[in-house]
Amino acid sequence: MTCSFVLWSAANASNVPLVLKKHLSKEPINKAKIMVSMAKQHEHAEGVPRDYGRALELYCKAAEQGYDEALYSLGWMYANGRGVQRNDSIAVQLFVMAADQGHSHANRMIRYLDTSHDPELPECLQSMADNNAVDYSDKPFFDLVQKLAPEYNLDPNLVMAIIAVESAYNVQAVSHKNAQGLMQLIPATAERFEVKNIFDAEDNIRGGMAYLRWLLAFFKGDVTLAVAGYNAGEGAVERHKGIPPYTETQNYVKKIQAQYAKPTHPYEPDIVHRHAMIALSEYK
């Protein structure tokens, strides 16, 4: 997940070493690395007074860039109650996000945390996710999605993101794999969720929403895994213990994340007979 933000003006700060200043004009990830380096100094009192608040601020700003080490370090602070009240739900979410970005140690940390509660974002990233919501109010089928989404306990913005990426709002869209209609249902999925007319906008959207609701329950509200499952099937996500190594699916997930930044979504646990074995505590 990558989200834009107004970068803290580290280049103007008097305590930034000259050797770091020369890197600030490079790519955003380099800026994120610099902020994490400074955050660690404040967290561990390395050459500056210990200041957990400042460390959290810098980790959050770097985490907004999707930098895995920032997400991991922020998760560590919440997992250990370092400068904040310990919160396993937040720590789990941050470690999952760090793992999504390729951090090698994040998955191990999840095993030591309480995963019985829904994961959540820290406040600093909640506002970031909310502020990056796409406005679909002028897009086709927005009113219909707004009307139907509450029946399935879904965020209309997530549904609209899937419609935009799947079919570009084309009711008659058919893919090379015979996925059909607005939410690109294959015939088996349409039958599974009792879609009668796959090219009818409302019928198709209802079928897609029913499947999406099921996937969110199966993956315990993890949007990344649910979206990957929507594209590749939940079985493929389980077999590969995460986003499958298919270029199509990996690009698909990135496209959805660009339009829908929230990593978790409320879910209904009672609509599935079992949860995914990789959800949260087993996510590798």
Side-chain angles (χ1 to χ4, degrees), residues 1-3 28-29 32-33 35-36 39-40 56 59-80 82 84 86-122 124-126 128-129 132 158 215-247 249-258 260-265 267 275-284:
M1 177 181 70
T2 56
C3 298
I29 198 63
K33 289 179 180 179
M35 285 188 285
V36 166
K40 289 182 181 295
L56 283 165
Y59 283 141
C60 275
K61 287 183 180 293
E64 286 178 352
Q65 293 291 335
Y67 181 36
D68 62 341
E69 184 62 29
L71 292 161
Y72 178 82
S73 297
L74 195 56
W76 181 270
M77 293 189 78
Y78 278 97
N80 292 278
R82 183 171 292 172
V84 293
R86 175 172 175 158
N87 188 316
D88 281 13
S89 296
I90 290 178
V92 166
Q93 181 59 71
L94 291 166
F95 287 140
V96 168
M97 292 167 68
D100 278 344
Q101 299 300 323
H103 198 284
S104 59
H105 300 299
N107 289 307
R108 301 179 198 170
M109 292 300 302
I110 297 172
R111 300 174 183 175
Y112 302 106
L113 300 172
D114 179 5
T115 61
S116 62
H117 302 290
D118 291 347
E120 59 181 298
L121 285 171
C124 65
L125 295 184
Q126 285 177 4
M128 173 270 294
N132 281 273
L158 176 57
L215 287 167
L216 286 167
F218 189 64
F219 291 113
K220 293 186 177 180
D222 187 308
V223 172
T224 299
L225 296 181
V227 166
Y230 194 95
N231 179 264
E234 61 271 15
V237 177
E238 282 214 283
R239 285 196 305 275
H240 294 284
K241 295 181 170 59
I243 303 173
Y246 313 149
T247 300
T249 302
Q250 292 175 347
N251 289 338
Y252 177 83
V253 170
K254 290 177 182 177
K255 289 177 182 178
I256 296 294
Q257 289 175 332
Y260 190 84
K262 296 179 181 179
T264 60
H265 187 291
Y267 65 94
H275 289 287
M277 295 300 294
I278 64 169
L280 300 180
S281 62
E282 299 295 327
Y283 185 33
K284 298 180 181 179

CD (E234) and CZ (F218) are apart, to the nearest 0.5 Å, by 6.0 Å
Look up atom SG in C124 and atom NZ in K61, then write down how far apart they are to the nearest 0.5 Å. 9.5 Å
Would you say that L113 contacts R86 through its side chain, given a criterion of any heavy-atom pair below 4.5 Å between the two side chains? yes
4.5 Å side-chain heavy-atom contact, E69 and K40: yes
For V84 versus M77, what's the shortest heavy-atom pair and its separation? CG2-O, 3.7 Å
Considering all heavy atoms of both residues, which atom of A99 and which atom of A106 are nearest to each other, and what is their separation? N-CB, 3.8 Å
Can you confirm whether more than 12 heavy atoms, excluding those of Y246, are under 6.0 Å from its OH atom? yes
Is any side-chain heavy atom of Q93 closer than 4.5 Å to one of T264? yes
Please check if the number of heavy atoms outside K255 that lie under 6.0 Å from its NZ is greater than 12. no
Measure the acute angle between the ring planes of Y72 and H105, then classify it against the limits of 30° and 60° as parallel, tilted or perpendicular. tilted
Closest approach of G242 and L225, non-hydrogen atoms and distance? CA-CD2, 4.0 Å
Do the side chains of V227 and Y260 get nearer than 4.5 Å, heavy atoms only? no
For the pair Y230 and Y252, name the ring-plane relationship: parallel under 30°, tilted 30 to 60°, perpendicular over 60°. parallel
Determine whether N87 and E120 make a side-chain contact, defined as any pair of heavy atoms from C-beta on separated by less than 4.5 Å. yes
Would you mind reporting whether D222 and P263 have side-chain heavy atoms less than 4.5 Å apart? no
Nearest 0.5 Å please: distance from the OG atom of S89 over to the CG atom of L121. 11.0 Å
Decide yes or no for T224 and V253: does some side-chain heavy atom of the first lie under 4.5 Å from some side-chain heavy atom of the second? yes
Does any non-hydrogen side-chain atom of L94 lie less than 4.5 Å from one of L125? yes
Considering non-hydrogen atoms only, spot the tightest contact between T249 and A228 and give its length. CG2-O, 4.0 Å
